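Everything below concerns the one structure shown next.
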Amino acid sequence: MKIQKRLYSYYLIWPALLIYSIFFVLPALIGLYYSFTDWRLDRLEINFVGWDNFTRIFTDDTLLLALKNTFIFAVATVVGKNVLGIALAVALNMRLKTRNLLRAIFYSPSILSILVIGIVFTPLLRTEGAVNRILESIGLHGLSQAWLTDPSIVIWTIAAVSIWQTTGFQMAIYLAGLQSISKDYYEAATIDGATSWKSFRHITLPLLLPAININVMLTLIGGLKVFSEVFILTGGGPGNASQVFGTIILRTFGEGSWGLGTAINTLLFAFVAVISIPLLIFMRRKEVSE
Amino acid sequence: MGYTRRLQIRNYIVEALLILLSLLIILPLLLMVFGSFMNSTEVLRFTLALPEKWLFSNYVTVFEQGGLGRAFLNSIIITGISSIVNVVTSSAASFILVRRDTKLASALYLFFFMGLIAPMSVITTIRVVQWLGFYGSVTSVIFIYAALNTAFSVFLYSGFIRTIPKALDEVAFLEGANMFDVFFRIITPLILPVNATVAIMVFMSVWNDITIPIYFLTDSSTWTMPLSIYNFYGLYSRDWNLIFADLVMTSLPVLILYILAQKYIVSGLTAGAVKG
């Protein structure tokens, strides 16, 4: 032990530890404290107000809507990106002539900035935009929508754009997972007369579990932290119809109600932790037992 | 019909479907690329067509009007330095965390790991940066990006360094080497591919990011490409040809990096998928 201490000194940890602690952990801890105060831009003194900020989040209509939207976005993108991601990966793991090209095409939007994707989709999603024109030209008039201006669907539209953009990223992780599964399992299954669905259900899915694990975590955490997608596509509008926690925090920052803003952030952290930590532990266990 | 024949037909059907589906990805991107060469009335039709005349001048116009030269430089400085800082500090930290099997080391690993889950607290980060006296500066943004990416990088490096046998270090120590020799002359050469993966992933996410610049870069002379373009989009929302040219320009660096460094991106993804 003593030798270990001398040979591997903690010196080398300090730079990373300092940067991470000062610019990430310290603000998070201070935020925890400020979320129980009435910290405002226009007031010098800061008072402790207990759970007031949190009560306000659960009673204010706009904040409740933002809470609901955050969850709709998170769930919709977790399901969409993972179901489509697995489907694409399985299909692109088959012996197809164009598969390398297709993989690159499906992956490509995820390397671009959401700024680029959001701005390109804005004119396409207008009422008279290309998406509706295409739907009408193939006879699906009923499906044409005011995608970004109808309050009842706008958050779903934003989720769809996000799914469009980054499903390819999930696909790539699933492909890597699929390639680590030995072909022997499938051969044995075919000899035993298993259908494709059965081999998918009993071989592919269980052995893909580590990849599913990491992908669900990534999409869930990313979904709850959503900001840029909404900011670029609608700015939270029309009215407040597509506000999420991320955009509300920007607004509270602009208005100077910083105590409330940090409280929203604390709540977001609580949600992410409560959902993801048990999920992490559960998935680890499942992985070992499979 | 034989089994292989049936399999072949199935593959053809799947391939045809996938090619159709891929149009859904390609067409909006082509619309942007073609639109960036059109004149300002032609582009407003938002239909997929080749430009009547290829106006390369759109690119010159946005470069001059949008102040993109400066923005490009800011983006390169912020993205480049934060990637380098992140690579050096995270790999060094992971080396020690992995090699020391003490309770403190595993506690520290968990401390870093929490950063993968916790959302950033923006408003109080601004406060901390103000206390330190450099709010609004490029330097503050570099440190913030390095901090934000630490968790992910430590996670990736630790997984890899764990596979390097400790015996390698021990031999070197017996030969009289110190920790720095071991880290820089034995470990670093072995983790060069991981360095590339981490650097590229950090570079891409920082280059594309818009959140941090919105909060932290208050002065337009420090703006990054995406923020300048967002601002240009607000001001010139009628000139879609110029907006599209802007978008293509900000996408080019990551696109080039992707084409050149595909193999490192794939290996990063594989590490995630296999280790979980």
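Just so it is clear: chains get the letters A, B, ... in the order the sequence lines come, proteins before strands, and each one is counted from 1. No experiment lies behind these values; they were computed from the predicted model shown.
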### Query
Taking Thr98(A), Ile30(A), Ile111(A) one by one, which has the highest count of heavy-atom pairs under 4.5 Å against chain B?
Ile111(A)
### Query
Distance-only, no hydrogens or angles: does the Thr188(B) side chain make a donor-acceptor pair with backbone N or O of Phe183(B) under 3.5 Å?
yes
### Query
Any idea which of Ser94(B), Gly35(B), Ala93(B), Ser91(B) has the most non-hydrogen atom pairs under 4.5 angstrom with chain A?
Ala93(B)
### Message
Out of Leu148(B), Leu18(B), Thr47(B), return the one with the most heavy atom pairs under 4.5 angstrom to chain A.
### Response
Leu18(B)
### Query
Taking every heavy-atom pair that is under 4.5 Å apart, which of Thr211(B), Val14(B), Leu247(B), Ile126(B) has the most such pairs with chain A?
Leu247(B)
### Query
Can you name the nearest heavy-atom pair linking Thr219(A) to Val216(A), along with the distance?
OG1-O, 3.2 Å
### Summary
Okay, Leu255(B) and chain A: the region with an atom under 4.5 Å from a heavy atom over there is both
### Query
What distance do Trp207(B) atom CH2 and Leu112(A) atom CG have between them, rounded to the nearest 0.5 Å?
13.0 Å
### Aromatic ring proximity Tyr230(B)/Phe231(A), centre distance under 6.0 Å
yes
### Query
Of the options Thr250(B), Val254(B), Asp246(B), Val248(B), which is the one that meets Val116(A) in a side-chain contact (heavy atoms from CB on, under 4.5 Å)?
Thr250(B)
### Query
With chain B, which of Ile119(A), Ile249(A), Leu268(A), Thr262(A) has the greatest number of heavy-atom pairs at distances under 4.5 Å?
Ile119(A)
### Query
Where does Thr190(A) contact chain B at under 4.5 Å (heavy atoms): side chain, backbone, both or neither?
side chain
#### Entry: Under 4.5 Å from any heavy atom of chain A - which part of Ala177(B)
neither
### Query
chain B heavy atoms under 4.5 Å from Leu17(A): which part of the residue, side chain, backbone, both or neither?
both
### Task
Counting only heavy atoms closer than 4.5 Å, note whether Val154(B) contacts chain A via side chain, backbone, both or neither.
neither
### Task
Could you look at Arg126(A) and say if it's the side chain, the backbone, both or neither that has a heavy atom under 4.5 Å from chain B?
side chain
### Query
Do you know which two heavy atoms are closest between Leu116(B) and Lys225(A), and how far apart they sit?
O-NZ, 4.0 Å
## Note on the structure
Bottom line for Phe46(B): the part with an atom under 4.5 Å from chain A's heavy atoms is both
### Message
Tell me if a side-chain donor or acceptor on Asp181(B) pairs with a main-chain N or O of Asn178(B) at a distance below 3.5 Å.
### Response
yes
#### Entry: chain B contact via Trp39(A) - which portion, at a heavy-atom distance below 4.5 Å
side chain
### Task
Examine distances only and state if a side-chain atom of Thr150(B) and a backbone atom of Ala146(B) form a donor-acceptor pair shorter than 3.5 Å.
yes
### Query
Side chain, backbone, both or neither: which part of Leu124(A) has an atom under 4.5 Å from a heavy atom of chain B?
side chain
### Task
Would you confirm whether the ring centroid of Phe244(B) sits within less than 6.0 angstrom of the ring centroid of Trp240(B)?
yes
### Message
Evaluate Arg251(A) against Glu255(A) for salt bridge (charged side-chain N to carboxylate O under 4.0 Å, His left out), listing each step before the verdict.
### Response
CA-CA 6 Å; Arg251(A) 206 176 71 177; Glu255(A) 290 168 355; 3.5 Å; yes
### Atom pair CG (Leu96(A)) and CD (Glu15(B)), whose distance is rounded to the nearest 0.5 Å
4.5 Å
### Message
For the interface with chain A, which of Met225(B), Arg127(B), Gln8(B), Met204(B) has the highest count of heavy-atom pairs at distances below 4.5 Å?
### Response
Arg127(B)
### Message
I need the residue from Leu218(A), Ile114(A), Ile134(A), Val25(A) with the largest number of non-hydrogen atom pairs under 4.5 Å to chain B.
### Response
Val25(A)
### Message
Measuring centre to centre across the rings, with the benzene-like ring taken for any Trp, is Phe95(B) within less than 6.0 Å of Tyr8(A)?
### Response
yes
### Query
Is it the side chain or the backbone of Ile22(A) that comes within 4.5 Å of chain B heavy atoms, both, or neither?
both
### Task
Check each atom of Ile117(B) against the heavy atoms of chain A and say whether the ones under 4.5 Å are side chain, backbone, both or neither.
both
### Message
Is it the case that the side chain of Ser36(B) and the backbone of Ala245(B) share a donor-acceptor pair, with hydrogens and angles ignored and the cut-off at 3.5 Å?
### Response
no
## Note on the structure
Counting heavy-atom pairs under 4.5 Å with chain B, the top scorer among Tyr34(A), Phe227(A), Trp164(A) is Trp164(A)
### Under 4.5 Å from a heavy atom of chain A, the part of Phe173(B) involved
side chain
### Query
Between Arg95(A), Arg99(A), Gln179(A), Lys97(A), which has the largest tally of heavy atom pairs under 4.5 Å with chain B?
Lys97(A)
### Structural part of Tyr20(A) lying under 4.5 Å from a heavy atom of chain B
both
### Query
Relative to chain A, which of Leu7(B), Ile19(B), Leu27(B), Leu31(B) shows the most heavy atom pairs under 4.5 Å?
Ile19(B)
### Distance under 6.0 Å and angle within 45° of ring axis: Arg100(B) vs Tyr10(A)
yes
### Query
Which answer fits Leu108(B), side chain, backbone, both or neither, if we ask what part of it has an atom under 4.5 Å from a heavy atom of chain A?
side chain
### Task
Side chain from CB out, backbone as N, CA, C, O: work out which of these in Tyr12(B) comes under 4.5 Å of a heavy atom of chain A, or both, or neither.
side chain
### Query
Quick one: of Ser21(A), Ser196(A), Ala273(A), Gly31(A), who has the most non-hydrogen atom pairs under 4.5 Å with chain B?
Gly31(A)
#### Entry: Options Asn149(B), Leu44(B), Leu104(B), Ile229(B), ranked by heavy-atom pairs under 4.5 Å with chain A, top entry
Leu104(B)
### Under 3.5 Å donor-acceptor, Gln165(A) side chain and Pro109(A) backbone
yes
### Message
For Phe169(A), is there any backbone N or O sitting under 3.5 Å from a side-chain donor or acceptor partner on Thr166(A)?
### Response
no
### Message
With a 4.5 angstrom heavy-atom cut-off, is it the side chain or the backbone of Leu250(A) that approaches chain B, or both, or neither?
### Response
both
